[in-house]
Novice: 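Supplied in C-alpha cells, the structure appears directly below.
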Amino acid sequence: MTTAPQNIPSQNGPSPSPDGAATAPAAGPASAAGAAPTPLISLEGIHKAFGDLHVLKGCDLEVAAGEVAVLIGPSGSGKSTLLRCINQLEEPTAGRVRIAGVTQGYAEEHLADGRWQKLPSAQIARQRSRIGMVFQRFHLFPHMTALENVMEAPIQVLGRGRAEAKEAAIALLDRVGLGDRADHYPSELSGGQQQRVAIARALAMEPELMLFDEPTSALDPELVAEVLSVLKELAEGGMTMIVVTHEMGFAREVADQVIFMDDGLIVEQGTPEQVIDHPGSERLKGFLASVL
Amino acid sequence: MSTQTPAAPAARRPADPIPGRIRAKRPPRPGTWISAVIVALLVLGLANFLVTNPVFDWGTVATFILDVKVVQGVGWTLLITVLSMILGTAIALTAAIMRRSENPVLRGVSWAYIFVFRGTPVYTQLVFWGLFTVIVPKIALGVPFGPELFSFSTRDYFPAFWAAVVGLALNEGAYLAEIIRSGLNSVDKGQTEASKALGMSNGKILRRIIIPQAMRVIVPPLGNETIGMLKTTSLVLAVPFTLDLTFASNAIANKLYAPIPLLIVAALWYLAITSVLMVGQHFLERYFGRGFDDRTGGPAAKRSRQAAVNRAGTTPKDSLPEVEL
C-alpha cells in the first residue's frame, strides 16, 4: 500500500527479526478484516519522523465502531504520536489514516504526478471536529468557566445557539458529576475535576470517537479513579475510544483490544487476556513487569 | 529573649482553639525610623524651597490651571492619546498576526513596517504626516498609466488633527506589534492544540482563545505605552497641531514671560491624566486576569477560593496547573 517503509532505512539492524515475527499477527487481522464492514478507524502503515528521529515505523491498526482500544507501552514508544496522527495534530510522514473510510487530511485521489493533494485547513478542521480528544495536561481554556469551556466549540464550530449550547453543556457537566462546578474557572478546580470538564468539552461536539492521551498521568493517585470511572461509563455507553494509558487495571476491565507498542512499532495486539495475561514477547513481559 | 509563652495565656483566652499560640515581639527595626527622619527633613526642605522660591509663582499656577485654553488642551491631548492608542493597537495586532502568518508576503510586509516606523524618529514621522497633503495632494483610484475612476483631494479629508493621530498611531503600532507578538507567543501551545482538536478554525482560535489570554500579558506594557503616548503627544506641534496641552501652556507662558508656573500647570495635568489612565489599566488587568487570579483580588477572596478547592475534597498538590506558562 505504502512505499515509505522502503524509503526509510531501518535504523536498528538487529532488532527487526523478532519484531517481524511479533508484528505479523497484528497485520494479519487487519488484512482479514477487509471482508468485514469498514472499521471506524483504520491506520495503514503509519510512519512519523521528526527530522532524523524516526518515531513511528509502520503501524497498522483497525478499531471498529463501539470498540475500546487501549494503547500501552514504555514512554517514547510512539503511543501518543500515533494517537495524535489520528486527529491530525501530527501529520504522518507516510501512511494513511481513515475515519469511516475517509482519508484524513488528504484528498482521496492522488494527483497525476503521484503527489497527495492536501486538504484546505477548513476541511481539516471539519474532520477534527468529529474526533474528541482529551489531553494529559487537560488544556482547558483558563479564561473561561467550566460551562463556557464546554459551550465554546458547539457555538463556534457547530453554530449552535447560546441557549441550546448551554443546556447541552449543563447536561454534560452533570454527566461527569460537575453540575455544581459550572461557574468555576479551571484554576478553581482540582486536577480530576479539570480533566472531567475536558472530557465534557470534547463530548459537547458529539464526536464519533474519542482519543485519550494519558488522561490520568498528570493526576494525583487519589484523583485517578474519578476520571477512570467517567471513561468506563463512556465505554459502556458504546463510545468508540482509543486510550493511551498506564492503568493496566482499566485496560483489563474496559478494553476490547490492547495494543502494545515499543520503539515505534505495534509489537503485540489482542484481547486483554491475550496481551496482559499471556504476553508473547520478552519486551512486553519486561514492560508489564515494570508497570504491574 | 523569651518569644514563646507556652500554655499560660490560654487561661486568659479560653476561646482560643490553638494551645500554646506563639506571642512574639518583633525584632527592633531602627532603619525604619532613621530613614523616616531623613526623608521628613528632605521633604520639609523641598516644601520650603517650593513655597519660598518666587520663581514658582503659585498664584499664576492657580490662575491658569483651569484656564479655558489649558482645559481644552487637556481634552485634545486626551483625545489624541486615546485615538492613536486604539488605532495603534489595531495596527499592531494586525502586524503581529501577519508576523506569525505562514504567508511569507504578509510576514515580509509586517517586518518592513516595523523596520521603518520603529527605526525613524517619531518627530520626523509627524513632520512627514503634516506634509502629507503637500506630498500627496490627490488620491486617485484607476488603472495605472490608464484612466482614472475616482479621485479626491487629501487636503479636504486629512486635517492636522488626523495627521497627528495617524502619525502617532503608526509609530506606536510598530512598538506595540512586538509587545503583542510576544504576548501571543506566551500562550501555552496546548491551548492551540486543544482548540484545533475541537475543530476550531485558525481565526477563531486566535480570536476566542489566544488573544484573550495574551491580553493578560499585553495589558501592563500597553498601559506603559499609553502613558508614554500621553507625553509623546507634546510633539504634535511638528505636524503642526497646536491645541494640545503642551502647546497651549507654552503659548500662555510665552505671552506672560512666565515659563515655570505654566510648566507646573502642564505637569500637574499630565500627572492627573496619568492617574486616571492607571485606574483604567487596573480594571483592564482585572478583566483579562479572570480565571488566572482572583477577580476580586484581595486575600479574603484567595482564601475563599482555596476553601472552595478544599471543599471539593479532591485537592491536588498543585491546584493551579493551568496557570504555569
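Just so we're on the same page: letters track the sequence lines, and every chain starts at 1. Model, not experiment: these values are computed from the prediction.
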Novice: Supply the atom-to-atom distance B/Arg216 CZ to A/His143 NE2, rounded to the nearest 0.5 angstrom.
Specialist: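 Answer rounded to 0.5 Å: 11.5 Å.
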
Novice: For A/Gln88, is it the side chain, the backbone, both or neither that has a heavy atom under 4.5 Å from a heavy atom of chain B?
Specialist: neither

Novice: Specify the closest pair of heavy atoms between B/Ala197 and A/Phe135, including all atoms of both residues, with the distance to one decimal.
Specialist: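 Smallest heavy-atom distance, with atoms named: CB-CZ, 4.1 Å.
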
Novice: So for A/Ile131, is it side chain, backbone, both, or neither that comes closer than 4.5 Å to the heavy atoms of chain B?
Specialist: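 Backbone only.
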
Novice: How long is the span from the CD1 atom in B/Ile210 to the CZ atom in A/Phe141, to the nearest 0.5 Å?
Specialist: 8.5 Å

Novice: Got a second to check how far A/Arg137's CZ is from B/Glu193's CD, nearest 0.5 Å?
Specialist: 13.5 Å

Novice: Crowded around A/Gln123 CD? As in, over 12 foreign heavy atoms under 6.0 Å?
Specialist: yes

Novice: To the nearest 0.5 Å, what is the distance between CE (A/Met144) and CD (B/Gln213)?
Specialist: 8.0 Å

Novice: So which atom in A/Arg128 and which in B/Lys196 form the shortest heavy-atom distance, rounded to 0.1 Å?
Specialist: CD-O, 3.0 Å

Novice: Could you measure the distance from the CG atom of B/Leu198 to the CG atom of A/Asn87? Nearest 0.5 Å is fine.
Specialist: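 Here the rounded value is 10.0 Å.
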
Novice: Could you list the residues that satisfy side-chain hydrogen bond (donor to acceptor under 3.5 Å, both in side chains) with B/Ser101, not counting sequence neighbours?
Specialist: none

Novice: Any donor-acceptor pair under 3.5 Å linking the side chain of B/Gln191 with the backbone of A/Leu140?
Specialist: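 Judged by distance alone, yes, a pair lies under 3.5 Å.
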
Novice: Are any non-hydrogen side-chain atoms of B/Phe292 and A/Pro142 less than 4.5 angstrom apart?
Specialist: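 Yes, close enough: below the 4.5 Å cut-off.
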
